[in-house]
Amino acid sequence: MQADKTGLETMRHSAAHVMASAVQRLWPDALFDIGPDTEDGFYYDFDLEHRLTEADFAAIEAEMAKIIAEDHPFVREEKSRAEVLELMRGRGQSYKLERLADIPEGELISLYSSGDFTDLCRGPHLERTGEIKAYKLLSVAGAYFRGDEKNQMMQRVYGTAFLSQEDLDAHLRMLEEAKRRDHRVLGRELDLFSIQESVGPGLVHWHPKGARIRSVIEDFWRREHYRAGYEMLYTPHVGRAGLWETSGHLDFYSENMYAPMDIDEQRYYIKPMNCPFHIQIYKNRKRSYRELPLRWAELGTVYRYERAGVLHGLMRVRGFTQDDAHIYCTEEQVEGEVRECVRFAIAIWRAFGFEEITAYLATRPEKAVGDPAQWEIAQRSLEAALEAEGIAYEMDEGGGAFYGPKIDFKTRDAIGRSWQMSTIQFDFNEPERFDMLYVGADGQMHRPYMVHRALLGSLERFLGILIEHYAGAFPLWLAPVQATLIPVTDKQTAAAEAMAAKLRAHDFRVTVDARPEKMGAKIRDAQLQKVPYMLIMGGREVENGTISVRSRVAGDQGVMTPEALIELMNAERRVELA
RNA sequence: GCCAAAGUAGCUCAGUUGGCAGAGCAUCGCAUUCGUAAUGCGACGGUCAUCGGUUCGAGUCCGAUCUUUGGCUCCA
């Protein structure tokens with residue numbers, strides 16, 4: 001707990017104490033661990049005989065209401081280690097004793113009491129429990145003591161609290177909104193993708209409409225990569241064990257790899273990463289400094305074993321397609337290449353409607369491979385790129401991988417949630433392991449710099465984020481069906497089909513709803529499918545050669561000529577990098 | 001993997017102390033030819049996740065497994 005907490009953080013932390021206090025009253029055998037505030041609420045970890053479920057929340061909240069109404073003061077006491085030890089030992093609070101042992105000798109040890117509940121805690125707290133205004137318990141889940149799976153599993157209760165009921169209501173509405181946007185639900189309703197039990201967990205099937213969106217994204221991605229000076233690669237999905245021994249994956253990554261398969265008495269592994277293959281292409285012949293930088297990109301599908309409990313829709317899967325690229329360059333080129341990567345990443349994000357971007361720069365950890373001087377050059381180039389592009393960033397000192405420093409980018413979606421996607425990572429490990437070289441201007445052999453980067457992360461996860469960001473209502477350029485032709489009666493069906501053909505000739509994705517339904521029903525279905533344009537053709541339109549245009553967001557737009565409609569939609573679907 | 005909860009028609013869900021598996025929507029058929037968010041009638045649709053056990057009898061009780069959900073851990 002920091003001393004410079006905001007009022008909201010302090011209040012949430014106090015609310016955690018009040019919740020613990022309520023649990024103590026309801027289940028006197030409860031053992032307490034810690035109860036901090038979090039980004040949007042608080043939690044408290046308990047160990048108690050009773051299995052907590054959401055059905056217990058009403059009772060806990062009622063007890064909290066009592067404690068708040070009793071308006072106990074939060075009393076801070078500074079005690080000696082021996083006194084606290086005795087108190088917690090007397091109460092059998094074994095977790096508190098372990099936490100006490102964490103506090104360095106000589107540091108102040110403080111207790112906070114409110115009513116009959118006393119907790120080892122640095123504070124600060126509110127003056128009185130009565131100051132807690134608006135709170136709600138949200139979920140219960142298991143959590144390891146100290147986050148270590150070798151330890152005892154605690155029962156964690158999550159809750160949230162706000163300074164006013166209005167703020168709490170707004171937050172609860174946001175949670176509802178997030179639920180409404182859930183990509184797993186929208187994915188089914190809009191018929192975009194599925195994950196089949198018969199095939200296996202974490203393995204994604206793209207249905208025609210989801211595949212359409214993905215292919216639009218891929219086409220855009222390729223176009224922009226070619227424009228930015230990249231070349232495309234395609235590489236195999238499996239490779240011999242020796243490759244993965246050389247790369248180091250079998251040493252450092254094997255717990256994430258699918259089990260090997262034996263083919264013609266040779267052992268093969270399905271790829272968890274694309275880089276070793278790209279390196280093989282690099283090494284296929286001798287390279288000169290004249291051909292650097294090489295910018296090689298691949299939409300490479302990889303498979304990684306993820307523990308069963310972590311899978312989640314499209315966000316966390318076992319088979320996914322990285323928008324991977326590797327840049328091989330000279331030392332002189334490093335800074336410019338990194339800066340281009342940063343610029344490119346941000347431009348791509350903006351094209352998909354993400355504006356707010358923050359970066360995290362992770363530097364050399366204790367244990368690392370590679371020349372410290374090269375780390376220095378790499379880190380400086382990353383920092384310079386962020387400065388030059390004016391991106392807000394935080395330093396994560398020592399947070400880099402053992403093989404190189406990196407920048408991770410996070411962006412916020414339409415309802416303020418933060419997602420990590422792009423990453424730019426130096427690699428001082430693989431060029432060494434694979435003995436990558438190029439001939440310099442001096443005629444000597446040199447080791448190239450290698451940068452891994454992904455902009456969208458994985459297409460599966462990115463689609464999941466996009467679905468939630470747009471709540472399934474994709475902008476025209478991404479919408480799998482851009483317009484539905486709606487004949488008012490079946491007398492107009494032929495004309496609607498002809499109009500659909502005309503629009504398809506202009507590369508628009510259109511369908512005709514020729515069902516014997518009333519127009520209102522067809523409009524309703526198109527709205528629910530979040531189709532951007534509904535193009536209604538009745539007797540009047542067919543006679544006048546016009547179309548009645550209804551927009552998904554703005555409703556009836558009146559009639560226009562086909563040419564005017566094409567012009568309108570052409571302007572709307574255009575997407576260019578800034 | 002661990003803690004907890006869940007799994008009934010394509011979807012959302014009902015199913016009483018163990019006693020004939022249901023509804024709405026979707027789908028299909030017939031009728032309706034309709035002007036900016038749901039036309040009417042009818043039909044089809046189930047190994048109640050899977051396997052085993054208890055019982056005269058299991059959707060319901062018990063066990064194991066699979067999958068999902070909320071977290072922990074990890075991460076694109």
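Values below: all heavy atoms of this structure, side chains included; hydrogens, waters and symmetry mates excluded.
Across B:A21 and B:U73, the matching C1' atoms stand 42 Å from one another, rounded to whole Å. Here, B:U32 and B:G40 have their C1' atoms 8 Å apart, quoted to the whole Å. Spacing of P atoms, B:U39 relative to B:C34, comes out at 15 Å, to the nearest Å. For the P atoms, the distance linking B:A38 with B:G42 amounts to 22 Å, nearest Å. B:U16 and B:G22 have their C1' atoms separated by 14 Å, given to the nearest Å.
On a pure distance criterion of 3.5 Å, no polar donor-acceptor pair joins the side chain of A:Glu189 and the base of B:A26. Donor-acceptor pairing under 3.5 Å, judged by distance alone, is absent between the side chain of A:Arg524 and the base of B:U36. You'll find a donor-acceptor pair under 3.5 Å spanning the side chain of A:Glu541 and the base of B:G35, going by distance alone.
Residue A:His312 places no side-chain N or O under 4.0 Å from the OP1 or OP2 atom of B:G71. Taking side-chain N and O atoms only, A:Arg184 has a distance below 4.0 Å to OP1 or OP2 of B:G70.
For the pair A:Arg156 and A:Tyr43, the cation sits on the ring face: its NZ or CZ lies under 6.0 Å from the ring centre, inside 45° of the axis.
A 3.5 Å limit on both hydrogen-bonding distances identifies B:G10 as the Watson-Crick or G-U partner of B:C25.
More than 12 heavy atoms of other shown residues, nucleotides or ligands fall within 6.0 angstrom of atom CD in A:Glu255. For A:Glu355, the CD atom sits in a packed shell: over 12 heavy atoms of surrounding residues, nucleotides or ligands are nearer than 6.0 Å.
Taking 4.0 Å as the cut-off between side-chain N and carboxylate O, A:Arg304 and A:Glu460 do not count as a salt-bridged pair.
In the region residues 545-561 of chain A, proximity to RNA chain B at under 4.0 angstrom, judged on heavy atoms, holds for A:Ser548, A:Arg550, A:Asp556.
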